[in-house]
Amino acid sequence: MALPRLIPRTQRATTLVVASVLLVALLVAAAQLYARTHAAAVQEVNYTELRAVVDAGQGASLVVDGETLVVKRADGTQAQAVVTDAYAQQEIIRVFNQNRQTIEFRSLKPSALSNALTWIVVFFGLGVLGFVCWRVYASIGGGGGEFRLTDASGTQDVSFADVAGVDEAKNELSETIEFLRDPARFGRLGGRAPRGILLSGPPGTGKTLLARAAANEADVPFLSVSGSSFQEKFAGLGAARVRRLFKQARELSPCVVFIDEIDALGRRRGRGGDSASADQDQTLNQLLIEMDGFAQTQGVVVIASTNRPDILDQALTRPGRFDREITVNLADVRGREAILRVHARKLTLAPDLELGWIARGTPGFSGADLANLLNEAAIFATRDGSDAVRRGHVEYARDKILMGVERRGFLMDEDERYATAVHEAGHVAVGLAARHGDPIHKVSILPRGRALGVTQSLPERDRLMKKREYLEDQVAILLGGRAAEMLLLDTMTAGASNDIERAVEMARAMVSEYGMSPLGPIHLGKPEDPHSQALLDRIEHATGDIINAQLKRACEVVDSSREEIARLVAGLMDRDTLEADEIKECFGIEVEAAA
Ligand code: ADP
Ligand code: ZN
């Protein structure tokens, strides 16, 4: 079956519209400029001055253009005044009459120039109107190509072998694939056909990839659409789109319909009274109706993905709808290695570059991050003129992903570099003193992204459980920069604002989510539920207590390691970036033999 591969339809049209708007604006501006310069010889005066010109006998001819009187002098210059009073106009006209000079009356008819302007405006308006109509038409369904359709027999398409580290999810999907291969047989055997599957998990973990691969394994078309595309500017259109989506799906069946980010349309209904949420409710209702509507044997499986399963409307997960939830989590170290293997297939790796080593150094990386890491590493390798991807390229790529790109050419003056070095050294000192934190990996005062400096720590292993001590250490480390500013520079910088934001967020979560404060295990419920102001106040208070305690702790550490910090600052001023071993040296910590 050869299905058309449909391209996004709006981009080119948008460009066209933008271009024509610019062109028209340019034309209007030019026309006005023309009008201005050519009217330069006209002198705007008041009635008295105009009278003076006339009385002095300078007037050669007169133009009466509605309320505007234009007196032309013999030398070609003109003086004009607005004279609303008919009697006053009469006065001037009389002088010209007496001298038997030309008087010209003009009706209030627009000039050629303003004529042209009017036409431009009219055409422009029509254009805009046409564009709007066309957009509405396209979104109602005339445009076609609104849902992305992938040919089942597509060659570059993914199979289960391309999705790694998510074996459980693959197992759960295998039944669905059986069903799609032969929906009728499935019904005869009495199996309850899967209808809706919810893939939930953080972004970039391969949910889309899984759904696509499932369709491919079953050799059926894959119809994909993003949940946010149902948020329409015009009420009712979202529901109409849902209807059309399922109409198309029924025509293509057996097939897989994939709704990415279903939370955009599947939020709990009946929240606010505004019209946008009312429209969203209508769209969601339509989705529920459609899902209830198709028969067992119809062979349409809807797979939806979300990273916020908690905010979905409960009606979505009732039996017969998205009644199967598959959680797709971040991969562990073995999963990461498997994902890296998938993406390394196209690359030439140096013999000493082990994927296991990369996997160990990338806890918390999603599948998408890992793909990106290898891609960046390959780019560095190419730029290096290297024939293979080496460790150094991977390390460079990882730093870039974790800390942002170095902003070379952005020069800080020496004072700023010094202040940044002290700030970062504060993070390092507290990080080294904190026994539950992650090892410090690198510190740098080369500006990257929006940050002036970076202290980078890397977990030694995946942290599945975060203990209270670990969280407290994190807060202290984040505040270490500010502590150093206060004690060693006797000032504060705005550069600490991001640190503070993260520290407060973490402390607040400790209080309001993890029950790690004197308030005990409390729970705030959903963000849209009403909370008592008294409880919120107590939470803020307890959060502040954690922050103050950790800032005090950070200050104590900084105070007791002034010498070490001074050494680190000197190193940073000298070399910009220090690696783990150099940092340990400054702090007099024994450097273990390289593992
Ligand atoms: P999600 O839908 O969960 O946000 P995607 O499926 O869009 O994530 O993943 C984006 C890209 O990341 C994929 O195209 C693929 O290149 C890579 N990727 C993510 N997860 C995996 C995985 N488990 N195995 C292989 N590649 C993956
Ligand atoms: Zn900082």
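Whatever order the structure lists them in is the order used to number ligands and atoms, beginning at 1. We count residues from 1, following the sequence as given. Note: hydrogens, waters and symmetry copies are ignored here, and every other heavy atom, side chains too, is used. As the structure is a prediction and not an experimental result, all values here were calculated from the model.
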Taking heavy atoms and a distance under 4.0 Å, where does I339 meet ligand 1: side chain, backbone, both or neither?
side chain
Does any N or O atom in L209 lie less than 3.5 angstrom from one in ligand 1, N or O only?
yes
The protein heavy atom nearest to atom 2 (O) of ligand 1 is T208 OG1, 2.5 Å
Go through ligand 1 atom by atom and flag the ones less than 4.0 Å from a non-hydrogen atom of P203.
4 (O)
Decide whether D369 and S366 meet the rule of one side-chain donor and one side-chain acceptor closer than 3.5 Å.
yes
Apply salt bridge (Lys or Arg N to Asp or Glu O under 4.0 Å) to residues E540 and R508 and explain how you reach the verdict.
CA-CA 7 Å; E540 285 312 305; R508 190 179 294 120; 2.8 Å; yes
closest protein heavy atom to atom 12 (O) of ligand 1 is A368 CA, 3.1 Å
Tell me whether A164 reaches ligand 1 (any heavy atom closer than 4.0 angstrom to a ligand atom).
yes
Minimum-distance protein heavy atom relative to atom 8 (O) of ligand 1
G206 N, 3.2 Å
Contact between D162 and ligand 1, counting heavy atoms under 4.0 Å?
yes
Between E175 and the options K170, R324, R181, the salt bridge (Lys or Arg N to Asp or Glu O under 4.0 Å) test singles out R324
Evaluate the criterion side chain to side chain contact (heavy atoms under 4.5 Å, CB included) for residue pair S224 and D260; output intermediate values, then yes/no.
CA-CA 7 Å; S224 86; D260 201 5; over 6 Å; no
Smallest heavy-atom separation, A359 atom then E337 atom, equals CB-N, 3.7 Å
Let me see the working for D399 and K442 under salt bridge (Lys or Arg N to Asp or Glu O under 4.0 Å), right down to the final yes or no.
CA-CA 9 Å; D399 284 356; K442 187 177 272 193; 2.2 Å; yes
A student comparing G204, G367, S305, A213 should find that the heavy atom closest to atom 1 (P) of ligand 1 comes from G204
Tell me, with the steps shown, if L312 and F322 meet side chain to side chain contact (heavy atoms under 4.5 Å, CB included).
CA-CA 11 Å; L312 293 181; F322 293 99; over 6 Å; no
Run the numbers for me: atoms of ligand 1, each under 4.0 Å from some heavy atom of V163, listed by number.
23 (N), 24 (N)
Vertex the Zn ion (ligand 2), rays to NE2 in H423 and OD2 in D499 - rounded to 10°:
90°
Any atoms of ligand 1 less than 4.0 Å from a non-hydrogen atom of H343? List them with their elements.
15 (C), 16 (O), 17 (C), 25 (C), 26 (N), 27 (C)
Looking only at the side chains, is there a donor atom on one of E325 and T317 sitting less than 3.5 Å from an acceptor on the other?
no
